[in-house]
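Before any comments, here is the structure.
Here the structure is a predicted model, which means the values were calculated and not measured. A, B, ... follow the sequence lines: proteins, then strands. Residue 1 opens every chain. Just the heavy atoms: all of them, side chains too, but no hydrogens, waters or symmetry mates, feed the values below.
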Amino acid sequence: MKINEQIEEALEVLWVCLVDARPQLNTKSQLSAKLEISLDQLAQEGLVDLSGETIHFTQAGKQEAALAIRRHRLSERLFHDIIETDQTDMEEAACQVEHIVKKGIEEKICRLLGHPETCPHGKPIPPGECCRKARETKEKFVVPLTSLKPGECGTIAYIKAGDSKKLQKLMVMGVLPGNNIELNASFPSFVFSVDYSQYAVDTDMAAAIIVRRSGI
Amino acid sequence: MNQQSGCGCHGSQPEEDSALKKIVLVGNPNVGKSALFNRLTGSYVVVSNYPGTTVEVSRGKCQIGTEEFQIEDTPGMYSLRPITEEEQVSRDILLTGGAEVVLHVVDAKNLKRMLSFTLQLAEAGLPVVLVLNMIDEANQLKIDINTQLLEKKLGIPVVAISALSGQGVAQLKEKIAVYRQPETTPEIFYGDAVEAALNTLAPIMPAGRGLSQRSLALLLIQGDAAISAEEQELEGRSSDFLDTTLANLEEQLEESASYVVPMTLHQCAVNTCTETFAPPASKYNSFANRLSGWTMRPLTGVPILLLVLYFGLYKFVGEFGAGTIVDFLEADLFGAYISPWINNLLQTYIPWQPIRDLLGMEYGIITLGIRYAIAIILPIVGTFFIAFSIIEDTGYLPRLALLVDRIFKKIGLNGRAVIPMTLGFGCDTMATIVTRTLETKRERIIATLLLALAIPCSAQLGVILGMVAENPGAMAVWAGFMLFIFLFIGFLTARLMPGDRPNFYMEVPPLRMPRPGAVFMKTYTRMQWYFVEILPLFILASVLIWLGKITATFDVVVSWLSYVMGWIGLPKEAAVAFLFGFFRRDYGAAGLFDLQQAGALTGNQLAVAVITLTLFVPCIAQFLVMKKERGFKMACAMALFIFPFAFATGGLVNALLNLTGIQL
């Protein structure tokens, strides 16, 4: 079965309607209005089940749709978190990138992002094989300093500071990629140590420090 | 903080002597620059265990070998690119040049992090000597530093010292005495793109400044606003040329130059450290570390704060200073012996009533001015400064800053502002100067207003605590109201003032055991400054009051003020205290104290009086500093707001207490 871009887009739209939406939009007329290709074509490919008034994904269809959605939302995360594009650019770029992300690359992105559970809009990202494994083996992944627990150590992966002044402040504190960092406290301020110095920063600045976890 | 230069007392500051060779101390905040300054000059500037306390440059002289040098201690800076105003001050000193030797003071434990600044300084063509301070602390942690190898790798002299104990200072002096600036300046390779831009820009940078052309160009490409403004002003340079070069560079780099350059420096520092800096196998968890952790968690931190306030402020300053000592000096010494003796002398030998009144009697220079200064204010200020010096030297203040950051954000400040605010409890005048350490103009304005309005200085606080100590109800009303007004006015100002929310970041130094010698020295210096500053004002106030009395203007003003007193429910006699408050807040407070001791105030009146007085005008000295720091208009606007607000609040509290029928 070969799934082209058009079908992928259609599956994504269906996913949003059938899985994300509450209340569900699932009658033929409602859905076909939203799709660029016909429902019959999807049914021919064995992706949806058209028997009856409401439409359902088939087993294979649901899997393909979840993958497409996953690639889309991971791409959004990538552009949002790492490349820091603005909202419109992010969506546009994600729409193009999702179709060229292969399975191996998708997992790499997922790992880089720390197996995120939601997209920047807050919608769930269907977990992949890598996420399940990471959860089982407590794999090291990157997270903002704000998600570390007090006492947890890590290596600074990168700094996600929008303005250069914030970046400069963090860098002079020794917050530089490759340095070890330990979170000492997370409330009311974030207190961390780099080398033999201890610093206190607010949530805003702590969130800009992205850390590769190294376990507790 | 450095009061000698900070609070208008320049007596101990030698004037700049251009004939002497200059040594400049630079380095990150809280690495011990001021301690080294004291060690080298033998003079004294206040040293604290919290960052950002030196706000002005202190100068002193030092004999090294056969030659005399002038030494300058600068506010802490992290790199050649300034973030705050104080850093700008330090950078400007380097930019002006003329230093024979620049001592880069670093915390030996954190060499790896601070070394990139050393590299930056050396690359700027400055005559740098690297000073590894706190070597004793590093050794205690079992950190091993190979200074000889470090010297070889960096190509500059390196000395390990402990400024506090004096270890290694003699070697440092030797190195300074024989220092000769190397012919070649070390250069770091920043990658092809950056180097190309530097080659284009360096030749057009101003030559003959303190920093090399290459280093100025480096700052320019990192977006240093001050450097670029200066460059724009150079004649004959079209800004297009600059823009094209910078745009070109940006295109070639994957990351911004302000990231690439420090990263390269950092990598270079790390490489240097791998062979010269040997960390211990494991960190151990000392009691100080655990205690440090407790001070930073709200659950344990708030009780610790309350303990500090209870024992430090209430028990020691309020009960011991404002109670025991004041009672002794006031009643047993002045009341029983000195004042009657003076008055007797005056009555026996001075036939003219006006002169008698000027020197003695009810409002005379000796019986009022000097008595207030010595018997009431001095013990209170003294005990406060002792308590504050101990708290300061332990390194507790930055911990307090991180505890209150969330609350302070709501009033437009960040945790950093806790330092000027706490200092305000010592002297609002000093504290207003320290607001310079805040990053934005907006924060500085809010902090200045809150200091002038809601933070009582130590003398005032001591007197007030002494007054309300016997009446817990009045104390609760006063404390609650002050806290409310502090937060409320802060909240309002933050809403009304445009500007961005400030970020909070602060180094948390280790908790240290205060050294009695240092605490004594610091308390002594502060008290000396205080005394020198206030005594003339007290005497002046006595003279003005005397003048007012003999010309009858005093009575007129008092009678006007008596109306105001009536509106806010205070006895007429309080008018005198409030009038004194114009001269100094603590003067007014001391007047009220007298009144209360005489039993002239009810509980409610006591609460109203202390609230009004706390809110009341900043003293003359504070007003002058406000004018200096924030400008005449801003200072006047604040004063115009504060006067009516203080009395209106007093009236409101009085009305509220009466309405609810509360009798304190």
Side-chain angles (χ1 to χ4, degrees), chain A residues 82-85 144-146 148-153 155-210 214, chain B residues 28 30 77-79 81-84 107-114 116-117 137-138 141 143 222-223 256-259 262-263 265-267 269-270 279 283 289 292-293 296-299 301 398-399 401-407 409 414-416 439 501-510:
Chain A
I82 313 260
I83 304 170
E84 293 186 51
T85 47
L145 187 67
T146 45
L148 255 55
K149 287 188 200 70
E152 214 178 328
C153 293
T155 319
I156 298 161
Y158 56 92
I159 311 170
K160 192 184 84 183
D163 65 309
S164 111
K165 247 194 166 168
K166 208 196 292 175
L167 182 76
Q168 196 189 345
K169 287 174 199 163
L170 287 166
M171 292 178 88
V172 294
M173 290 192 252
V175 176
L176 297 165
N179 277 358
N180 291 324
I181 189 168
E182 181 186 342
L183 187 71
N184 306 121
S186 57
F187 187 86
S189 301
F190 286 87
V191 180
F192 63 82
S193 321
V194 177
D195 282 348
Y196 294 92
S197 290
Q198 208 174 28
Y199 294 95
V201 297
D202 54 26
T203 318
D204 201 28
M205 289 191 85
I209 306 172
I210 310 296
S214 54
Chain B
N28 287 23
N30 213 41
M77 65 194 296
Y78 284 107
S79 78
R81 256 186 88 194
I83 305 175
T84 60
D107 171 359
K109 306 188 290 293
N110 287 304
L111 177 64
K112 193 165 88 184
R113 179 158 54 79
M114 299 183 179
S116 47
F117 188 28
E137 277 189 11
L141 289 166
I143 296 169
Q222 291 177 75
S256 74
S258 60
Y259 180 81
M263 267 319 278
L265 281 167
H266 170 66
Q267 203 45 54
V270 170
K283 291 186 192 179
N289 279 349
S292 162
M296 292 188 265
R297 267 169 248 136
L299 210 60
R399 291 165 170 81
L402 69 91
L403 272 186
V404 300
D405 178 54
R406 272 170 202 260
I407 301 167
K409 284 270 169 62
N414 72 63
R416 221 162 233 274
E439 246 176 85
R501 211 175 70 147
N503 272 130
F504 171 66
Y505 67 102
M506 179 171 242
E507 187 168 349
V508 186

Using non-hydrogen atoms only, which part of [X] is less than 4.5 Å away from chain A: side chain, backbone, both, or neither?
X        : result
B/Ile143 : side chain
B/Phe117 : neither
B/Met263 : both
B/Ser292 : side chain
B/Glu137 : neither

(request) Test side chain to side chain contact (heavy atoms under 4.5 Å, CB included) on B/Asp107 and A/Tyr196 and set out the steps. (result) CA-CA 10 Å; B/Asp107 171 359; A/Tyr196 294 92; over 6 Å; no
(message) Tell me whether B/Asn414 contacts the main-chain N or O of B/Arg416 through its side chain, where contact means a donor paired with an acceptor under 3.5 Å.
(response)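 Yes; at least one donor-acceptor contact below 3.5 Å.
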(request) Calculate, to the nearest 0.5 Å, the distance between atoms CZ and CE belonging to A/Phe190 and A/Met205 respectively. (result)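 The CZ atom of A/Phe190 sits 13.0 Å away from the CE atom of A/Met205.
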(request) Look up atom OH in B/Tyr78 and atom NZ in A/Lys169, then write down how far apart they are to the nearest 0.5 Å. (result)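 Nearest 0.5 Å value for the OH-NZ distance: 11.0 Å.
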(request) Please flag which part of A/Met171 lies under 4.5 Å from any non-hydrogen atom of chain B: side chain, backbone, both or neither. (result) side chain
(message) As an exercise: rank A/Asp202, A/Asp204, A/Val201 by heavy-atom pairs under 4.5 Å with chain B and give me the winner.
(response) A/Asp202
(request) Against chain B, work out which of A/Ser189, A/Ala200, A/Gly174, A/Ala206 has the most heavy-atom pairs shorter than 4.5 Å and name it. (result) A/Ala200
(message) Using the rule given for side chain to side chain donor-acceptor pair (under 3.5 Å), can you reason through A/Gln198 versus A/Asn184, listing the C-alpha separation, both sets of side-chain angles and the distance that settles it, and then say yes or no?
(response) CA-CA 9 Å; A/Gln198 208 174 28; A/Asn184 306 121; 3.2 Å; yes
Heavy atoms only, distances under 4.5 angstrom: which of [options] has the most pairs with chain A? Name it, please.
options                                : value
B/Ser116, B/Pro262, B/Pro298, B/Ala401 : B/Pro298
B/Met114, B/Arg399, B/Glu439, B/Arg297 : B/Glu439
B/Ile407, B/Leu403, B/Val404           : B/Leu403
B/His266, B/Arg113, B/Lys112           : B/Arg113

What's the shortest heavy-atom distance between [X] and [Y], and which atoms?
X        : Y        : answer
B/Pro509 : B/Pro398 : CD-CG, 3.5 Å
B/Asn110 : A/Val194 : OD1-O, 4.2 Å
A/Leu170 : A/Ala208 : CD1-CB, 4.2 Å

